[in-house]
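The figures here come from the full heavy-atom set of this structure, side chains too, leaving out hydrogens, waters and symmetry mates. Being a predicted model, the structure only gives us computed values, none of them experimental.
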Amino acid sequence: MKNKLQQFGKFLSSMVMPNIGAFIAWGLITALFIADGWLPNEGLASIQPYMLTYLLPVLVASTGGALVGGERGRVMGAIAIMGCIAGVGGTEGQPMLMGAMVIGPFAGWVIKKFDEIMDGHMPTGFEMLINNFSVGIFGMLIAIMGYFVIGPVMTGILAVLSKGVEILINHGLLPLVSVFVEPAKVLFLNNAINHGIFTPIGSAQAEAVGKSIMYMLEANPGPGLGVLLAYCFFAKDKVTKQSAPGAVIIHFFGGIHEIYFPYILMNPIVILAPIVGNMCSIAFFTLTGCGLKAPSSPGSIIAFLSMAPKDKIPLTIIGVLIATVVSFLIASPIIKLTDGKKGSLSEAKDQMNQMKAASKGQAAVSDSAAIVSSAVKKIIFACDAGMGSSAMGATKFRNRLKNIRPEIIVKNTSVDNIPADCDVAVVQTTLADRARKSAPQAKLITIGNFLADPSLDALYEQLAAGTEESGEVAAVQENAVQSKGSGNTVIDKNGIRLNQRPVSKEDAIRAAGELLVKQGCVERSYVDAMLEREKLVTTYMGMGLAIPHGTSEAKDSVKKTGIVLVQYPDGVDFGDEKAQLVFGIAGIGDEHLDLLQKICEALEDENVLEKMKTTDDVAWILEQLK
């Protein structure tokens, strides 16, 4: 159901998002030139109603028609919406943005079905005649339907919705909308809510009274800012604390609200903070009569204030500050009390599921490990709308690659429109199912955070290593047994310790690290990095197996690729699970991924796995891993 809602929301927002520039132009003309604007000008202000009545609905309807019926659908949508506009009285009636979202896709669907019926049955020499007249005739018929049916019906629906909003405002209930808005945003329905619901209602209100509070309900950057600031000050793990300040800038000034969604998802109870923060700000905006003249998109503080009436800008700033402060005060104690507990448990389960699916080629780990780096030509970062967090992620990753692999194309798009020539698709975990349907040919990398994510680091390291290797698959297989550029074996009898007494998780990781040091694989600082890695995300993989290793920052302390094994027959507690086998690994470049895959292959046989947990035969273990 969540995927269906996301897809429906994505479709609604896809009709509006490509035309946001036109909405901004309309908003700026409204803010600048109407009677109470910054530069009142009656002549220039006369442009505004024509843009709202004709330009914006035609753009939305034609885009909706194109989404369903291609270029012919685009023309159909533009024709059809004119019937709706005329049916409600033109500039004297309600703006037909909601009608455009209905009649545009419907018109595109009609011409698409006609083309499917005529495919292979078009009389020779009559193609152009039939194509042109079919659009003209069907466009006319749907425009007539819009005039008599769709336009009036949409006006009625919009009137009911507007009346409902008026009742909520009059009874002081509008702040309760945040209870639904904030969770829906985190499910990536933010664009659908803002542009599919609030914008049509807000446009009608703005036309009538010059502003609308509906534009402020979703776009307010304050609630998300409060959450991110709380993570800046009180996050316990290093990666989250380091990434949060950058997310603050991107969210508040760039207007990309998707950037704070992973911070909610990693600790879902934090959602209370933006809910209450937005609730307080909506109450303040309602009491003070605030509103925006046009949609604020993206939800940047710059865009938010630019669309506010000049006499309401101070109050608008105060409302944003209220949302920020309240959200911060609620999120801070939650993060201090739960950070590193709920988040690490969910990550452990996710990591375990990925590990189990790796052997089937379904999870991000298996996809990442299977990539032949020299074959990667195009990487696509995809988010729900394709214009927010994915754009930021693609830009950052492109900058990382430009000095080592400039030939690789890195772009961003919406998750439902990943191109067919994509080699690697990077998406948020919650959008993985949609990405697999959209791009079944691509290797899928799922992440939780576009700013700093271990999967992105692993992908970068693998692509970087591709500049140093020439043997491709053969070299990868060789690396699973030998260190790069040397004759040293990756694991030998001196790197195996059996029948160890149970210890704490930290002591077990430290023991594996010390063994890597003795084997000459790493410097001593790598041991601390292994413990730090465990704080970020557990290395317990399920099936009684843990594979601790250092952070990406500790790569410089790796001298050579190596594996060590410490066996604990009675098990070591890794959260709620016990690990009998603790493999310490260190890899040059992306070799740690190859080692991880090799261990999985060796232990795929359950009999081998169970025997390895209790055997005292070192020679047998070496035979299984060679």
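- Under the rule for a salt bridge (Lys or Arg N to Asp or Glu O under 4.0 Å), Lys310 has no partner lying at least two apart in sequence or in another chain.
- Atom NE2 in His251 sits 9.0 Å away from atom CD1 in Ile301 (nearest 0.5 Å).
- Not a single side chain to side chain donor-acceptor pair (under 3.5 Å) links Lys402 to another residue, sequence neighbours left out.
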TODO: For Ser296 and Phe304, run side-chain contact (heavy atoms from CB on, under 4.5 Å): C-alpha distance rounded to whole Å, both residues' side-chain angles, the deciding distance at 0.1 Å, then the answer.
DONE: CA-CA 5 Å; Ser296 171; Phe304 202 73; 3.8 Å; yes
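- With a 6.0 Å radius and a threshold of 12 heavy atoms from other residues, nucleotides or ligands, Lys378 has its NZ atom above the threshold.
- A distance of 11.5 Å separates NZ of Lys336 from CZ of Phe233, quoted to the nearest 0.5 Å.
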Task: Stepwise side-chain contact (heavy atoms from CB on, under 4.5 Å) check, Thr413 with Ile418 - done: CA-CA 6 Å; Thr413 185; Ile418 299 174; 4.2 Å; yes
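- The number of heavy atoms from other shown groups lying within 6.0 Å of CD1 (Ile249) does not exceed 12.
- Side chains of Ser281 and Asn278: a donor on one and an acceptor on the other come within 3.5 Å.
- Nearest approach of Trp26 to Gln48, heavy atoms of both residues: NE1-NE2, 3.0 Å.
- For the residue pair Ala219 and His257, the shortest heavy atom distance occurs at O-CE1, 3.2 Å.
- Expressed to the nearest 0.5 Å, how far CG of Leu456 lies from CD1 of Ile447 amounts to 4.5 Å.
- For the atom pair CE of Met15 and OG of Ser62, the computed distance is 11.0 Å after rounding to the nearest 0.5 Å.
- Nearest heavy-atom pair across Met307 and Ile24 is CE-O, 3.9 Å.
- Interatomic distance, Ser203 OG to Gln94 CD, rounded to the nearest 0.5 Å: 10.0 Å.
- Note that the CZ atom of Phe284 and the SG atom of Cys290 stand 6.0 Å from one another [nearest 0.5 Å].
- Not counting sequence neighbours, the partners of Leu329 by the side-chain contact (heavy atoms from CB on, under 4.5 Å) test are Val325.
- Val424 pairs in a side-chain contact (heavy atoms from CB on, under 4.5 Å) with only one of the listed residues (Leu463, Val410, Leu459, Ile380), which is Leu459.
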TODO: Check the pair Asp457, Arg400 against side-chain contact (heavy atoms from CB on, under 4.5 Å), reporting the backbone distance first and the verdict last.
DONE: CA-CA 10 Å; Asp457 292 336; Arg400 292 179 71 183; 3.4 Å; yes
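- Here the closest heavy-atom approach between residue Ala230 and residue Ala331 is recorded as CB-CB, 3.7 Å.
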Task: side-chain contact (heavy atoms from CB on, under 4.5 Å) between Thr199 and Phe23, worked out - done: CA-CA 10 Å; Thr199 293; Phe23 279 87; 3.8 Å; yes
